[in-house]
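Accompanying notes for the structure given below.
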Amino acid sequence: MAPGALLDENTSARDGLQLEETSDNIDAVNVLKDKMKWATASNFDAEKDKTQFRQYEHACDRVKDFYREQHTNQTVAYNLQARHHFLKTRKREEMTVWQAMEKLDTLIDESDPDTSLSQIQHLLQSAEAIRRDGRPRWMQLTGLIHDLGKLLFFHGSAGQWDVVGDTFPVGCAFSPKIIYGPGSFADNPDSRAPVYSTEFGIYSPRCGLNNVMLSWGHDEYLYHVCRDQSTLPDEALAMIRYHSFYPWHQQDAYRELMDEHDERMLEAVRAFNPYDLYSKSDGLPDVEELKPYYLELIDEYFPQKVIRW
Ligand SMILES: O[C@H]1[C@H](O)[C@@H](O)[C@H](O)[C@@H](O)[C@H]1O
Ligand SMILES: [Fe+2]
Ligand SMILES: [Fe+2]
């Protein structure tokens with residue numbers, strides 16, 4: 001059997017672990033072990049002072065104003081319309097992944113209390129932290145691209161409130177664990193709507209997050225781009241799609257909406273989170289020096305090179 005024949009890039013790393021180590025599939029097992037390196041313990045964040053991050057109560061007005069606007073405007077109606085427009089009807093712009101990073105670089109994220117660095121620097125900090133920790137190449141690439149969905153801002157978004165910031169489900173009651181709590185949704189009409197304001201709203205227990213509409217923003221948009229145009233594995237797609245869903249991956253809210261697949265994906269999202277959050281206090285990466293390494297890595301998982309954004 002050819003090396004890796006049991007696997008393609010979309011094989012879930014976890015599913016493949018059921019392979020036995022026989023001489024026939026030993027190469028495939030080695031490939032899997034490499035893919036599983038995301039799940040081993042990491043020391044990356046051991047020396048970080050975590051109390052320095054995500055201190056929303058002490059954040060500046062820019063951040064507080066951002067969340068008031070986001071929590072007021074993220075409704076089911078807006079979500080349906082945004083999905084339709086940004087994923088279906090809009091004319092797509094064509095660019096390579098690196099061009100997308102350069103285009104995004106002028107955006108300063110108003111929701112973020114922890115960094116005012118440019119987006120390329122944040123992306124490279126995340127990727128480099130993952131690489132230094134010996135994580136698989138697909139995860140390094142995930143770090144490099146995970147915020148590229150913020151390009152929505154240049155595709156005619158309504159503002160930053162429908163691009164950046166943490167995410168949460170719409171169509172059911174807003175969890176008190178969302179930043180700034182229930183009071184911040186006072187002006188959101190869905191918080192008083194008969195069905196949307198109930199615990200499960202339009203969903204049912206264990207329906208699976210794939211069937212839940214998260215507030216519209218950079219995660220969901222980039223997930224669709226990567227699902228359709230890259231060969232990244234399921235774990236990478238989950239890291240991209242749910243990395244801003246802090247009420248879920250950090251606060252344990254909305255667990256009753258999860259299905260079995262989500263249980264596995266939650267581990268992947270949690271493994272990714274420290275590299276996104278705590279790399280913000282790392283030194284500044286040298287963009288030109290790192291570029292050749294990452295250009296090669298991008299080509300490995302985006303075979304057609306020019307991407308429809
Ligand atoms: O302010 C940040 C930033 O916008 C990140 O890109 C996002 O993933 C976080 O969840 C958010 O809180
Ligand atoms: Fe993000
Ligand atoms: Fe990020």
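We count ligands from 1, going down the list as the structure has it; atoms in each ligand are counted the same way. Numbering starts at 1 and runs along the sequence shown.
Taking OG of Ser281 as the start and CD of Glu47 as the end, the distance is 11.0 Å to the nearest 0.5 Å. To the nearest 0.5 angstrom, Leu284 atom CG is 5.5 Å from Leu117 atom CG.
Listed by first then second residue, pairs satisfying ring-ring contact (aromatic ring centres under 6.0 Å, His included) with a partner in residues 92-130 read His122-His146, not counting sequence neighbours.
For the Fe ion (ligand 3), protein N, O or S atoms closer than 2.8 Å were enumerated as His122 NE2, His146 NE2, Asp147 OD2, Asp276 OD1, with waters left out.
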TODO: For Lys48 and Asp114, run salt bridge (Lys or Arg N to Asp or Glu O under 4.0 Å): C-alpha distance rounded to whole Å, both residues' side-chain angles, the deciding distance at 0.1 Å, then the answer.
DONE: CA-CA 13 Å; Lys48 302 279 180 178; Asp114 297 319; over 6 Å; no
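The number of heavy atoms from other shown groups lying within 6.0 Å of CZ (Arg308) does not exceed 12.
The atom name of the N/O/S atom in His218 closest to the Fe ion (ligand 2) is NE2.
Ion pairing between Asp109 and Arg62 fails under the 4.0 Å rule for side-chain N and carboxylate O. Here Lys64 does not pair with Glu69 in a salt bridge; the nearest charged N to carboxylate O distance is not below 4.0 Å.
Within 4.0 Å of ligand 1, counting heavy atoms only, the contacting residues are Arg54, Tyr56, Tyr67, Asp109, Ser111, Asp112, Asp147, Lys150, Val164, Gly165, Asp166, His218, His243, Ser244, Tyr246.
A side-chain hydrogen bond (donor to acceptor under 3.5 Å, both in side chains) with Tyr275 is found for one member of His243, Arg131, Arg135 and no other, namely Arg135.
In this structure, Trp216 and Phe86 have parallel ring planes: the angle between them is below the 30° cut-off, well short of the 60° mark.
Under the rule for a ring-ring contact (aromatic ring centres under 6.0 Å, His included), the partners of Trp248 that lie at least two apart in sequence or sit in another chain are Tyr242, Phe245.
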